[in-house]
Peer 1: 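If you scroll down you'll find the structure; I have some questions about it.
Note that this is a predicted model, so its numbers are computed, not measured. Chain naming here is simple, since letters A, B, ... match the order of the sequence lines and numbering starts at 1 in each.
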There are 2 protein chains.
Amino acid sequence: MTTQPVDVEPAVESARRQKTRERLMDAAFDVFAEQGVHAASIEAVTERAGFTRGAFYSNFASKEELFFALAERENGVRLDRLQEGIDIIFPTLATPVESLDIEAVAEIVDRFMLLQPNDRHWCIVESEFRTLALRSPEVAARYIDYETRIDTRLARLLEEAVGTVGLRFTIDSLQATRIITTLAQQATYDAILAGPDVATDDLARANARRVLPAVLLGLTEPVA
Amino acid sequence: MTTQPVDVEPAVESARRQKTRERLMDAAFDVFAEQGVHAASIEAVTERAGFTRGAFYSNFASKEELFFALAERENGVRLDRLQEGIDIIFPTLATPVESLDIEAVAEIVDRFMLLQPNDRHWCIVESEFRTLALRSPEVAARYIDYETRIDTRLARLLEEAVGTVGLRFTIDSLQATRIITTLAQQATYDAILAGPDVATDDLARANARRVLPAVLLGLTEPVA
DNA sequence: TGTATCGAATACATTCGTGTATTGGATACG
DNA sequence: CGTATCCAATACACGAATGTATTCGATACA
């Protein structure tokens with residue numbers, strides 16, 4: 001028996017391959033957002049990316065796999081952004097606020113909304129992601145995983161942020177965070193639903209600023 | 001010139017026709033929930049209803065029309081249920097609560113969750129409805145319309161409900177209502193996402209009971 | 001420069017859904 | 001009864017998307 005040359009796949013994918021995958025994900029991001037994951041044909045995605053279907057089939061096993069790769073990537077981007085956020089939010093907040101009024105809280109909210117510019121496309125894709133998750137336990141597992149990673153990190157940030165203005169949560173901070181993110185998301189939805197003519201990001205922030213401070217105040221108390 | 005027999009369509013559709021439409025909507029409800037509006041073929045819907053595609057094409061112009069007819073119907077059902085809710089919620093609540101603590105508020109929350117048993121199917125279809133609305137201004141218009149009708153009525157109910165336990169909202173009651181419904185919906189999503197093995201409705205209520213009272217209290221104050 | 005390999009393009013067969021045009025059977029009505 | 005009407009069933013033609021099997025070209029490497 002001779003030593004058999006094992007078909008080991010290269011530890012690191014060729015640069016070319018990786019680039020193609022990225023371009024396909026970029027295209028998929030747009031097309032999925034515009035047409036929906038199911039409605040989007042593989043051809044539409046590859047065409048948008050400047051390829052033919054051949055490129056897709058030699059890089060992904062299925063549309064599902066492409067979708068999850070995309071979700072994974074985008075979630076990573078947002079996790080990273082959150083990490084950077086630490087450096088952005090706190091230096092300025094640290095200047096202690098005088099009165100613990102609603103304005104101080106509104107300021108926090110505003111920072112966080114700026115930190116997560118929930119670009120239209122991601123918001124739509126994520127919304128579909130959740131809908132798909134409601135239908136399929138497998139999808140749900142991934143959805144929950146992503147959401148948990150984000151919210152866990154965000155919870156630490158938020159806890160610290162309210163602390164710097166002299167407040168603390170009256171309920172579990174992860175709970176509180178999930179309430180906040182849910183409402184922030186809703187604010188973004190409302191902005192998108194308002195139509196394509198409005199400045200979505202600005203409106204989303206305005207919506208959030210109108211709703212969230214009251215809630216945040218309701219969920220916190222002055223630290224003794 | 002003789003009087004021409006005008007081809008006027010019967011003011012009231014034939015009973016047979018109406019029945020077929022209802023059965024198609026019933027089937028569509030299930031199939032849309034299970035597979036998604038786009039993934040669901042017309043054939044799948046008609047087959048589930050015990051028809052062939054001929055029945056569909058002689059009753060609806062498109063899948064979209066069927067979807068909107070379904071949404072209209074289901075929204076009506078839920079509006080009616082809300083109306084009845086008045087008689088269900090208040091008689092018992094009216095017995096004034098002694099202490100304005102979180103328990104009294106939790107009781108209100110529980111009543112409202114029972115009032116809107118957001119059955120799994122409707123919850124999923126509504127979630128997809130919203131996702132579709134994010135993509136299309138036409139769909140958005142309908143979505144907002146439905147949502148507004150529900151929330152407006154609900155706001156009146158809620159305002160009265162918190163009043164009966166000696167509270168009043170510190171922000172606009174419609175605003176507050178939308179916060180509550182958003183979080184209640186989230187509680188239901190979480191329950192569905194938990195998997196098919198759990199009692200969705202019970203878990204949804206438990207989730208809501210854990211989250212909503214704190215928020216509701218945060219948005220109200222004792223009436224002077 | 002020649003050759004091997006990798007990855008995208010292409011060609012093809014097949015499946016699936018759609019919509020229309022027509023038929024057939026039931027019900028209402030004279 | 002017989003006939004007209006209505007509505008769902010059926011048959012058919014078409015287009016769209018899929019996945020595979022193969023080819024072609026570029027890059028890497030001897």
Side-chain angles (χ1 to χ4, degrees), chain A residues 4-70 128 132, chain B residues 2-70 128 132:
Chain A
Q4 288 214 328
V6 187
D7 240 352
V8 62
E9 55 189 31
V12 56
E13 291 184 319
S14 84
R16 182 189 180 192
R17 197 178 177 76
Q18 185 54 31
K19 254 187 131 175
T20 303
R21 284 177 63 96
E22 291 294 333
R23 278 174 60 191
L24 283 173
M25 283 190 261
D26 291 342
F29 197 5
D30 292 346
V31 177
F32 287 171
E34 286 166 17
Q35 314 187 14
V37 174
H38 192 276
S41 70
I42 289 170
E43 178 129 43
V45 171
T46 54
E47 190 182 0
R48 175 82 59 117
F51 292 110
T52 64
R53 279 182 308 133
F56 171 81
Y57 283 108
S58 79
N59 276 286
F60 296 95
S62 64
K63 195 160 66 172
E64 228 194 15
E65 191 187 304
L66 169 59
F67 177 75
F68 286 136
L70 171 64
E128 183 163 20
L132 295 173
Chain B
T2 65
T3 55
Q4 288 213 329
V6 188
D7 240 353
V8 61
E9 55 188 33
V12 55
E13 290 183 320
S14 84
R16 181 190 180 190
R17 197 178 177 77
Q18 186 54 31
K19 255 189 129 175
T20 302
R21 284 177 63 97
E22 291 293 334
R23 279 175 59 192
L24 284 173
M25 283 190 261
D26 291 343
F29 197 6
D30 292 346
V31 176
F32 286 171
E34 286 167 16
Q35 315 188 13
V37 175
H38 192 276
S41 70
I42 289 169
E43 178 129 42
V45 172
T46 54
E47 191 182 359
R48 175 83 57 118
F51 291 111
T52 65
R53 279 183 307 134
F56 171 81
Y57 284 108
S58 79
N59 276 288
F60 297 94
S62 64
K63 195 159 66 173
E64 228 195 15
E65 192 187 303
L66 170 58
F67 177 74
F68 286 136
L70 171 64
E128 182 163 24
L132 295 173

Peer 1: Take atom CD in B:Glu65; do more than 12 heavy atoms of anything else shown fall under 6.0 Å from it?
Peer 2: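 It does: B:Glu65 CD has more than 12 such atoms within range.
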Peer 1: Which heavy-atom pair separates B:Arg48 from B:Glu34 by the least distance, and what is that distance?
Peer 2: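 Closest pair (atom of B:Arg48, atom of B:Glu34, distance): NH2-OE1, 2.9 Å.
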Peer 1: How about CD on A:Glu64, more than 12 heavy atoms from neighbouring residues, nucleotides or ligands closer than 6.0 Å, or not?
Peer 2: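 Check fails, neighbour count at 12 or below.
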Peer 1: What integer distance in Å separates A:Phe51:CZ from C:dT10:P?
Peer 2: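 Checked: the CZ to P distance equals 13 Å.
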Peer 1: Closest to the B:Thr20 side chain: D:dT18, D:dA8, D:dC7?
Peer 2: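 Ranking D:dT18, D:dA8, D:dC7 by closest atom to the B:Thr20 side chain puts D:dA8 first.
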Peer 1: I need the CD1-P distance between A:Ile42 and C:dA8, as an integer number of Å.
Peer 2: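 Going from A:Ile42 (CD1) to C:dA8 (P), I get 15 Å.
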Peer 1: Take atom CZ of A:Arg23 and atom C1' of C:dG7, then tell me their distance rounded to the nearest Å.
Peer 2: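 For the pair A:Arg23 CZ and C:dG7 C1', the rounded distance is 13 Å.
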Peer 1: Check the distance between C:dC6's P and A:Gln18's CD and give it to me in whole angstrom.
Peer 2: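 Value for this atom pair: 17 Å.
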Peer 1: With rounding to the nearest 0.5 Å, note down the distance linking CD1 in A:Ile42 to CZ in A:Phe51.
Peer 2: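 Reported to 0.5 Å precision, the distance equals 15.0 Å.
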Peer 1: OP1 or OP2 of D:dA16 sitting under 4.0 Å from any side-chain N/O of A:Ser41?
Peer 2: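 For A:Ser41, the contact criterion (side-chain N or O under 4.0 Å from OP1 or OP2 of D:dA16) is not met.
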Peer 1: Using a heavy-atom cut-off of under 4.0 Å over every strand shown, decide if A:Tyr57 touches base, sugar-phosphate, or nothing.
Peer 2: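 Since a base atom lies under 4.0 Å of A:Tyr57, the category is base.
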Peer 1: Which nucleotide in the list C:dC12, C:dG19, C:dG7 gets nearest to the side chain of A:Ser58?
Peer 2: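 Closest nucleotide among those given: C:dG7.
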Peer 1: Roughly, in whole Å, what's the span from CD in B:Glu64 to C1' in C:dT18?
Peer 2: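 B:Glu64 atom CD is separated from C:dT18 atom C1' by 16 Å.
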Peer 1: DNA chain D: A:Gly54 or A:Glu43, which has the more 5' nearest nucleotide?
Peer 2: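 Of the two residues, A:Glu43 wins.
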Peer 1: Measure from the side chain of B:Arg16, starting at C-beta and using heavy atoms only, and say which of D:dA8, C:dT18, C:dG7 lies closest.
Peer 2: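 From the listed options, D:dA8 comes nearest.
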Peer 1: Please state whether the base of C:dG17 and the side chain of B:Arg53 form at least one donor-acceptor pair under 3.5 Å?
Peer 2: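 When only heavy-atom distances are counted, B:Arg53 does not reach the base of C:dG17 through any donor-acceptor pair under 3.5 Å.
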Peer 1: How many Å lie between NE2 on A:His38 and C1' on C:dG17, as a whole number?
Peer 2: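 After rounding, the gap between these two atoms is 11 Å.
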Peer 1: Side chain of B:Asn59 only, please: which of C:dC6, C:dG17, D:dA8 is the nearest?
Peer 2: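 Of the options given, the side chain of B:Asn59 lies nearest D:dA8.
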Peer 1: A:Thr52 near the nucleic acid: base, sugar-phosphate alone, or nothing, with a heavy-atom cut-off under 4.0 Å?
Peer 2: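 Answer is base: heavy atoms of A:Thr52 come under 4.0 Å of a base.
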Peer 1: In whole angstroms, how far is the P atom of D:dA17 from the CZ atom of A:Phe56?
Peer 2: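 Spelled out: CZ on A:Phe56 to P on D:dA17 is 14 Å.
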Peer 1: If you compare all heavy atoms of B:Val31 against all heavy atoms of B:Ala40, which two are closest, and at what distance to 0.1 Å?
Peer 2: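 In this case the closest contact between B:Val31 and B:Ala40 is CG1-CB, 3.5 Å.
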Peer 1: Write down the distance between CZ (B:Arg21) and C1' (D:dC6), rounded to a whole number of angstrom.
Peer 2: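 Rounded to the whole Å, the gap is 16 Å.
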